[in-house]
Structure formats: C-alpha cells, structure tokens
Protein chains: 4
Amino acid sequence: MNTEKKSTIKRKKIITAAAAVFSQKGFHQAKMDEIATKAQVAKGTLYYNFSSKSLLFSATVTEGMETIISQVREELVSDLPFSDHFRLLVSTMVRLHIKHNDLTLICFNEISSGIDDGVLEEIRKVRTRFIDFIAELLTVGQAKGYIKDIDVQLAAVALAGIIDSVCSHILLNPRKTSRKKAVDTLHEILSSGFLKA
Amino acid sequence: MNTEKKSTIKRKKIITAAAAVFSQKGFHQAKMDEIATKAQVAKGTLYYNFSSKSLLFSATVTEGMETIISQVREELVSDLPFSDHFRLLVSTMVRLHIKHNDLTLICFNEISSGIDDGVLEEIRKVRTRFIDFIAELLTVGQAKGYIKDIDVQLAAVALAGIIDSVCSHILLNPRKTSRKKAVDTLHEILSSGFLKA
Amino acid sequence: MNTEKKSTIKRKKIITAAAAVFSQKGFHQAKMDEIATKAQVAKGTLYYNFSSKSLLFSATVTEGMETIISQVREELVSDLPFSDHFRLLVSTMVRLHIKHNDLTLICFNEISSGIDDGVLEEIRKVRTRFIDFIAELLTVGQAKGYIKDIDVQLAAVALAGIIDSVCSHILLNPRKTSRKKAVDTLHEILSSGFLKA
Amino acid sequence: MNTEKKSTIKRKKIITAAAAVFSQKGFHQAKMDEIATKAQVAKGTLYYNFSSKSLLFSATVTEGMETIISQVREELVSDLPFSDHFRLLVSTMVRLHIKHNDLTLICFNEISSGIDDGVLEEIRKVRTRFIDFIAELLTVGQAKGYIKDIDVQLAAVALAGIIDSVCSHILLNPRKTSRKKAVDTLHEILSSGFLKA
DNA sequence: GATGAATGAGCTTTCATTCAT
DNA sequence: GATGAATGAAAGCTCATTCAT
C-alpha cells in the first residue's frame with residue numbers, strides 16, 4: 001500500500017508538471033527534461049510511468065479535462081430560474097476556461113501539430129467528450145423548453161468555439177477587455193444573437 | 001521583366017508549399033526539407049528567399065490572410081436586402097474558411113507553440129488584422145441599423161471563434177455534418193441566439 | 001567511486017581527442033564528428049559533457065595549459081648554478097612546447113579566428129596565465145640578480161614568442177634544424193643578444 | 001587597354017577588401033559574401049577573378065607580404081652608424097608589423113587552420129620568403145661584423161617571432177604598453193639578451 | 001566581363017529514448 | 001522502483017561554388 005501510494009504521488013507530480021509545461025510551451029516545445037525538473041523527478045522516472053512523451057501528453061490532457069468537466073457540473077447545480085441559470089452557465093464556463101487555460105489551450109489549439117496519430121485520436125476523443133458534455137447541458141435546456149430547437153451537437157461546437165475565442169482574447173488583451181464586459185457581451189449574443197429584433 | 005517574374009514565381013511556389021505543409025503538420029513538425037521538396041526547389045533556396053523557418057512561416061501566414069480578407073471583401077459586395085446580406089456574410093465566411101483551411105488553421109491554432117517571439121508577434125498582428133476586418137463589417141451593419149449595439153471588437157472575436165470552431169468540426173466530421181446544415185444553424189444562432197423568444 | 005571515475009574517464013577521453021583534433025585542424029575545421037569518433041563516444045556524449053563546441057574548445061585549452069604550466073614548474077626545480085639554470089629553462093620550455101605542440105599551437109595561433117566572444121576571452125586569459133607564469137620566473141631571476149632590469153611582462157611576451165616561433169620552425173623543418181642547435185641558438189640570443197660585444 | 005585597366009582595378013578592390021576581412025575574421029570565418037560587399041562587387045566577380053576562396057586568400061597574402069617586404073627594404077636604406085641602424089631595423093619592423101597587422105596576423109597565425117593543402121604550401125612559402133628576407137638583413141650585418149656568428153636562418157625565425165609576439169601584445173593591450181617602451185625593451189633584449197653582463 | 005539566384009553537401013545542435021546500475 | 005549518463009537520428013541552417021543570362 002505504501003509503495004503504491006508513493007508511486008501514485010510521483011505520477012501526480014509528473015502530471016501536474018507536465019500540464020504546466022505543455023500548456024506554456026506547446027507539445028513540441030515542451031522538453032522532457034524540463035518536465036522532469038519541474039516534477040522533481042529523474043528523467044528515467046518519466047519513462048517508468050509513461051512510456052512516451054505522447055502518452056504523457058495524452059494522459060495529461062485526458063485527466064485534466066475530466067477534472068474540468070466535473071467542476072463545471074458541480075458549479076452548475078443550482079435552483080436559479082432559467083434566465084439566470086443560462087447566465088451562470090456562460091460565466092462559469094468563462095471562469096473555468098480561464099482558470100484552466102493551460103488545458104483548454106492544449107485541448108483546443110494543439111490539435112494539428114503533428115503528434116503521433118494514435119495520441120491525436122485520443123486528444124480528439126477528449127475534445128469530443130467536452131463537446132458532448134456541453135450538448136448534454138443544451139439538451140436539458142431544450143427539454144425544459146428554454147433552448148431553441150437546433151442541432152445540439154453543432155450548437156455545442158459553436159458554444160465551445162465562441163467561449164474559447166473570447167477567453168483567449170481576454171487573456172491576450174487583459175487591459176482592453178474586462179472579464180465582466182466579455183461575459184455580458186457573450187451572454188447577449190448567445191441569448192438573442194447579433195441582430196436587432 | 002522576365003527575371004523579376006521568375007523570382008516572384010519561385011517565391012510563390014515556396015509560399016504555397018509552405019502553407020500546405022505548415023497547416024498539415026503545424027510549425028514544429030513541418031520540415032524545411034519537405035517544404036523544399038514540395039516547392040520543387042533546393043533547401044538553400046528556401047533560405048535564400050526567407051532567412052529562417054520562422055520568417056517563412058510569418059510570410060506565409062501574413063500573405064495568405066491578406067488574400068483571404070480581400071476575397072471576403074470582394075464577395076460581400078452586393079445589393080441584397082440586409083437579412084439576406086447577413087446570411088451571405090455567414091456563408092461566405094464559412095466557405096472561405098473551409099477553402100483556405102490551411103491558413104485559418106495556422107492562424108487560429110498555432111498561436112502558442114513556442115515560435116520566435118518576434119514572429120509570434122507578427123502572427124498576432126495578422127490575427128488582429130482579421131478581427132479588425134470583421135469588426136469593420138459589423139460597424140457598417142450597426143450604422144445601417146441592423147446590428148445590435150454591442151462591443152464590435154468582442155463581437156468580432158466571438159464571430160471568428162464560432163465560425164472557426166464550426167468549420168473545423170465540419171472538416172473533421174464531414175459525414176456527420178453537411179455544410180448547409182452548419183450554415184443554417186450558425187445563421188440561426190448568430191441572428192437570434194440560443195434562447196426561445 | 002566507480003561511477004564518478006567512469007564519467008571522469010570519458011571526459012578525459014573527450015578532452016584528449018579534442019586537443020588532438022583542434023590542434024591538427026584548427027577550431028573551425030575541427031568537426032565534432034571527428035572528435036567523437038576519436039574519443040570513441042557518440043556525438044551526443046560530447047554535448048552531454050560540454051554544452052557547445054566553443055566550450056569544449058575552451059575547456060581543452062584551459063585544462064591543457066594548466067598541465068603544461070605545472071610540468072614546467074616541476075622540471076625547473078633544481079640546484080644548478082644560475083647560468084646552467086637559465087639554459088635549463090630554455091631547453092625545458094622548448095621540449096614541453098614541442099611535446100605539447102597541440103595545445104601551444106591552439107593557444108598561440110587560434111586567437112583571432114571568429115570564435116564566440118566569451119570563449120575568446122577565456123582563451124586570452126589562458127594565454128595571459130602562461131605569460132604571467134613566465135614573468136614570475138623572470139622576476140625570480142631578477143631578484144637573484146641574474147636577469148636584467150627590464151619590464152618582465154614584455155620580456156615574458158617576447159620569450160614566449162621567440163620560443164613559439166622557433167619550435168614551430170623546428171616542427172615544420174625537422175630535417176633542416178636539429179633541436180639541439182635550436183636550443184643553442186636560442187640560448188645564445190636570449191643570453192647576450194644578436195650583437196657582438 | 002581600358003578594359004584591362006578596369007578589371008585590374010576590380011582585382012585590387014577585391015584584394016583590399018579580402019585583406020581586411022581575412023585578417024579581421026580569419027580564413028574560415030571570412031565569408032565570400034562579405035568580401036564581395038566590401039569590394040562593391042557581385043559575388044560572381046570574385047570567382048571570375050579568383051577561382052576559389054583559397055586562391056583568393058593565397059593571392060591576398062602573397063601580394064600583401066611582397067608589399068611589406070619592399071616597404072621595409074625602402075625604409076632601411078640609410079647611412080646611420082650600425083648601432084643606430086639596428087635600432088632602426090627593430091622600430092621599422094615593429095611599425096610596419098603594426099601598420100599591416102591584417103597581413104601579419106594572417107601570415108603568422110592562420111597557418112594551421114585547415115586550408116587546402118596546396119594553398120597552405122603557398123602560405124608557407126610566403127612566410128619563408130619573409131624569413132629569408134630577414135635572414136638576408138642579418139647576413140649583411142654579419143658581413144659588416146656587427147652581428148654575432150649565429151645561424152641566420154634560426155635567428156631570423158626568432159626575430160620574426162619575437163616581434164610578432166610583442167606587436168600582438170601591444171595591439172591587445174594598447175593602454176598598458178606604449179609602443180616606445182616596447183621598442184626599447186625589444187632593442188635591449190635583441191642587442192644584449194636577458195642576462196646581466 | 002559581370003552578375004546574383006540557385007544549389008546541396010555538410011555542419012552544429014537538440015532531445016526523446018534506452019539501459020546498466 | 002528509480003536513476004541519469006549515454007545515445008544517434010534528425011533537423012535547421014550556412015556558404016563556397018556554379019551557371020544562365
């Protein structure tokens with residue numbers, strides 16, 4: 001038991017370090033050396049726990065995204081009337097998106113960059129997993145009669161994209177754009193679109 | 001005249017090949033050897049025309065995006081009534097986004113991954129340039145009284161993000177999602193939002 | 001103990017190989033491949049131990065020169081009367097200069113050729129270190145009343161130069177010039193100059 | 001005639017530029033591009049006049065050294081009594097050595113650095129030519145009864161080495177060492193050696 | 001005679017991965 | 001389980017040289 005725990009702790013240290021480095025540098029620019037140093041572990045230990053860089057990346061992303069999804073789920077449990085609930089959804093997603101910027105960056109931007117095909121597939125699954133989760137939320141909204149009768153899958157993709165884009169913009173231009181204003185605008189657009197009634 | 005044309009032609013061949021390889025493989029996985037082969041020039045010629053991989057990347061993105069912007073501008077000249085015009089805007093952007101998938105992929109996804117700082121800055125400028133262009137279109141719509149009084153900059157970011165996300169989805173799941181349906185859904189969302197009236 | 005020794009041994013093998021190749025080919029013409037082959041290690045091992053070619057060069061020169069200096073110092077310990085002692089100094093320097101031709105060649109000839117500035121500075125320090133060592137010997141001679149009252153720094157530079165030049169000449173024309181004759185002539189010149197009394 | 005002159009002028013411009021660049025950067029670090037730029041000539045023109053970099057180097061050194069030798073010869077014509085004449089020899093050589101530092105640097109320091117064998121041979125000849133010239137001066141001195149009966153060839157090598165070394169030292173430490181003091185010390189050593197009478 | 005765009009062999013350096021300890 | 005010295009394939013980049021104009 002002790003031994004197993006010890007190794008579990010090391011595994012976590014590695015994943016945490018990996019998440020930080022991967023998100024900061026991107027897959028190809030992240031070096032196993034740096035991850036090992038940051039995790040306070042010898043390089044060999046990385047390979048003892050994950051058989052390749054790609055697999056470490058895969059594990060990092062997958063586990064991280066699971067965490068985010070469960071956090072969103074937790075925070076959305078509420079008894080607010082729907083109009084407030086939709087606003088909460090938007091602001092929660094923005095907050096968590098920014099908080100876990102490392103992972104979302106990886107998950108939404110590093111899709112193309114020439115990683116092992118097998119691993120790429122894994123990353124896509126994670127992304128799909130996230131989209132499905134959003135679609136699920138939208139379906140609930142439709143069932144309750146608040147959300148329009150549109151293709152939830154596509155709508156989820158659109159929602160993820162719009163939030164990712166706006167959050168990245170906030171992080172890149174923190175002076176020009178306040179988070180509150182961003183949430184307001186997002187909420188406005190997502191509620192009733194661009195056009196005047 | 002002939003000499004000048006010749007060098008221009010070679011430059012273009014290189015840029016074209018670079019766009020293809022960069023978008024397919026991402027910056028770090030794209031190899032100068034492959035670009036050279038695809039452009040049917042010697043590797044040295046790459047460096048004779050662009051002093052580094054980063055600069056070639058930068059030139060590829062910048063020139064490509066300029067092309068896209070001017071194409072959108074061209075296609076949007078029309079005398080349609082506004083409701084149709086907005087639909088045209090959406091469908092045009094989707095079409096061109098998909099057509100120039102190489103460049104949009106690079107431009108919207110390769111922002112983080114450890115490229116030279118100077119070049120990164122350049123890429124950001126290109127992205128900003130595109131956002132500004134969209135914002136400009138939205139401002140015109142506001143002036144004509146069709147578009148809501150929202151922050152155009154943020155709205156442009158949102159618009160770019162939503163289109164990018166949906167187009168990537170179409171390309172990744174060509175069987176599941178037809179382009180027409182995607183445009184319809186996008187138009188619906190962008191016109192009047194997710195919520196029932 | 002064993003582990004430490006092993007890495008030390010490899011380091012030494014590399015330095016030895018590097019000294020041979022650098023002196024034979026000069027800094028720019030020396031190839032890391034050749035040094036690796038000669039040291040019987042993989043090229044990566046060179047970089048594992050020395051972070052760049054320049055630094056390997058620097059280490060090679062510095063460590064080598066230290067060795068020479070301590071050898072000269074050892075061999076000069078003697079109780080000979082001064083007149084013999086001065087002859088011993090000259091012949092010892094000639095012998096060691098020729099024996100360690102690799103290093104002296106590097107140290108006195110490769111000063112200009114476009115190496116990293118930082119490393120160049122290091123090489124200059126080594127050279128200065130050697131000159132200072134000679135100056136120290138001359139100062140002792142002055143204290144004992146045998147050596148003229150001249151600027152020891154300049155005299156040391158002159159002494160190093162004359163010996164370097166003559167030794168190179170011997171090595172280049174081994175048939176024409178015997179080492180004994182060279183030492184005799186050097187001793188004559190250094191003792192009482194070119195001019196008749 | 002006109003055409004020939006024109007090409008001669010270009011040849012000279014190239015040689016001048018080459019001397020500057022080679023001496024500043026050393027053979028391997030000197031780039032044909034830089035020489036062409038400095039000579040205000042297209043790169044092809046370099047190859048039109050000199051079939052390779054090595055040959056350009058060779059020509060540069062040879063022609064330069066010829067110039068120096070004839071300058072020394074000119075300046076040494078004098079009717080001074082010998083004691084003054086020897087001092088003049090030393091100070092003249094120092095002055096010209098420093099003035100033509102480019103060439104002397106090349107000629108005395110770039111001998112080893114992995115240039116084409118054929119060219120290396122050429123450079124050695126130039127060096128020998130210079131040594132022979134000095135030896136010739138010494139022989140005259142011996143004939144006149146002022147210079148000791150030592151091997152003139154070796155003595156010339158020694159003289160060249162000592163002057164090269166001291167001059168380099170002056171150039172490297174211009175603040176610490178005045179040229180006058182250097183000439184005085186050199187003259188003292190070369191006249192009557194290091195030892196007290 | 002003169003040019004400069006084009007070439008490609010060859011170099012230094014990086015870094016994921018392995019394996020003896 | 002854990003380590004880190006050692007590896008070597010692979011990549012970006014340089015630059016002397018060529019040749020069509």
Side-chain angles (χ1 to χ4, degrees), chain A residues 3-4 6-7 10-11 28-37 41-56 116, chain B residues 2-4 6-11 14 28-36 40-56, chain C residues 2-4 6-11 14 28-36 40-56, chain D residues 3-4 6-7 10-11 27-37 41-57 116:
Chain A
T3 312
E4 189 189 314
K6 210 171 143 193
S7 79
K10 268 197 179 161
R11 211 189 116 91
H28 289 290
Q29 219 56 10
K31 311 301 172 199
M32 292 301 264
D33 267 296
E34 189 180 350
I35 295 173
T37 304
V41 165
K43 219 195 315 187
T45 311
L46 259 47
Y47 285 89
Y48 186 79
N49 287 279
F50 303 90
S51 52
S52 75
K53 186 185 182 183
S54 292
L55 254 28
L56 171 55
D116 295 19
Chain B
N2 217 344
T3 311
E4 188 191 313
K6 203 173 152 190
S7 75
T8 304
I9 287 170
K10 222 155 228 187
R11 215 192 112 95
I14 292 173
H28 289 291
Q29 216 57 10
K31 310 303 172 196
M32 292 301 263
D33 268 301
E34 189 179 351
I35 295 174
Q40 290 175 300
V41 279
K43 217 195 313 186
T45 309
L46 259 46
Y47 286 89
Y48 186 77
N49 286 280
F50 303 90
S51 49
S52 73
K53 186 184 182 184
S54 291
L55 253 28
L56 172 56
Chain C
N2 217 341
T3 311
E4 188 191 314
K6 204 172 152 188
S7 76
T8 304
I9 286 171
K10 223 155 226 188
R11 216 191 111 93
I14 293 173
H28 290 291
Q29 215 57 10
K31 308 304 172 196
M32 292 302 263
D33 267 301
E34 191 181 348
I35 295 175
Q40 289 175 299
V41 280
K43 220 194 312 188
T45 309
L46 259 46
Y47 285 89
Y48 186 76
N49 287 280
F50 304 89
S51 50
S52 74
K53 186 184 181 183
S54 290
L55 253 31
L56 171 56
Chain D
T3 312
E4 187 191 313
K6 210 171 144 191
S7 78
K10 267 194 181 163
R11 215 190 112 92
F27 180 78
H28 290 290
Q29 219 56 11
K31 312 299 173 201
M32 293 300 264
D33 267 298
E34 190 180 351
I35 294 173
T37 305
V41 165
K43 219 198 311 189
T45 310
L46 258 47
Y47 285 87
Y48 187 79
N49 286 280
F50 303 89
S51 50
S52 76
K53 187 186 183 183
S54 292
L55 253 28
L56 172 55
F57 182 65
D116 296 20

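- A:Lys43 contributes a side-chain N or O that forms a donor-acceptor pair with the base of E:dT17 under 3.5 Å.
- For the pair C:Gln40 CD and F:dG8 P, the computed distance is 13 Å after rounding to whole Å.
- Using a 4.5 Å cut-off on side-chain heavy atoms (C-beta onward), D:Ser54 and D:Phe27 make contact.
- The nearest whole Å value for the distance from the CD atom in B:Gln29 to the P atom in F:dA10 is 12 Å.
- Summarising the geometry of C:Lys31 relative to C:His28, their closest heavy-atom pair is NZ-O, 3.2 Å, with the distance given to 0.1 Å.
- Spacing between atom OH of D:Tyr48 and atom P of F:dT18 amounts to 15 Å, rounded to whole angstrom units.
- By the 4.5 Å heavy-atom criterion applied to side chains, B:Arg11 and B:Phe50 are counted as neighbours.
- With hydrogens and angles ignored, no donor-acceptor pair closer than 3.5 Å exists between the side chain of A:Lys31 and the base of E:dT14.
- Each of A:Ser51 and C:Met32 was assigned the nucleotide of DNA chain E with the nearest heavy atom; the assignment lying further toward the 5' end belongs to C:Met32.
- At whole-Å resolution of the value, CG in C:Asn49 and C1' in E:dT13 are 15 Å apart.
- F:dA2 atom C1' lies 17 Å from atom CZ of A:Arg11, rounded to whole Å.
- When distances run from any side-chain atom of C:Tyr47 to the nucleotides E:dA16, E:dT13, F:dA16, the shortest one goes to E:dT13.
- Of the two residues near DNA chain F, C:Leu46 and A:Ala42, the one whose nearest nucleotide lies more 5' is A:Ala42.
- Rounded to whole angstrom, the span from the CG atom of C:Leu55 across to the C1' atom of E:dT13 amounts to 13 Å.
- In this structure, C:Lys53 is not positioned above the aromatic face of C:Tyr47 in the sense of NZ or CZ being under 6.0 Å from the six-membered ring centre and within 45° of the axis.
- We find the NZ-CG distance between B:Lys10 and B:Asn49 to be 9.0 Å, quoted to the nearest 0.5 Å.
- For the pair D:Asp33 CG and E:dT3 P, the computed distance is 14 Å after rounding to whole Å.
- Atom pair D:His28:NE2 and F:dT14:C1' shows a separation of 14 Å (rounding to whole Å applied).
- The two atoms that bring B:Ala42 and B:Ala36 nearest to each other are C-CB, 4.2 Å, heavy atoms only.
- With distances taken from any side-chain atom of A:Val41 to the nucleotides F:dT3, F:dT17, E:dT12, the minimum falls on F:dT3.
- Nearer the 5' end of DNA chain E, as judged by each residue's closest nucleotide, is the contact made by B:Gly44, out of C:Ser52 and B:Gly44.
- Of the candidates F:dC13, E:dA16, E:dT12, E:dA16 carries the atom nearest the A:Lys53 side chain, counting heavy atoms from C-beta on.
- D:Ala30 comes within 4.0 angstrom of the backbone, heavy atoms only, and of no base.
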Begin from the C-alpha positions of D:Met32 and D:Leu56 and carry the test side chain to side chain contact (heavy atoms under 4.5 Å, CB included) through to its verdict. CA-CA 10 Å; D:Met32 293 300 264; D:Leu56 172 55; 4.2 Å; yes
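- Stem list for DNA chain F (at least 3 consecutive Watson-Crick or G-U pairs, distances under 3.5 Å): E:2-21 with F:2-21.
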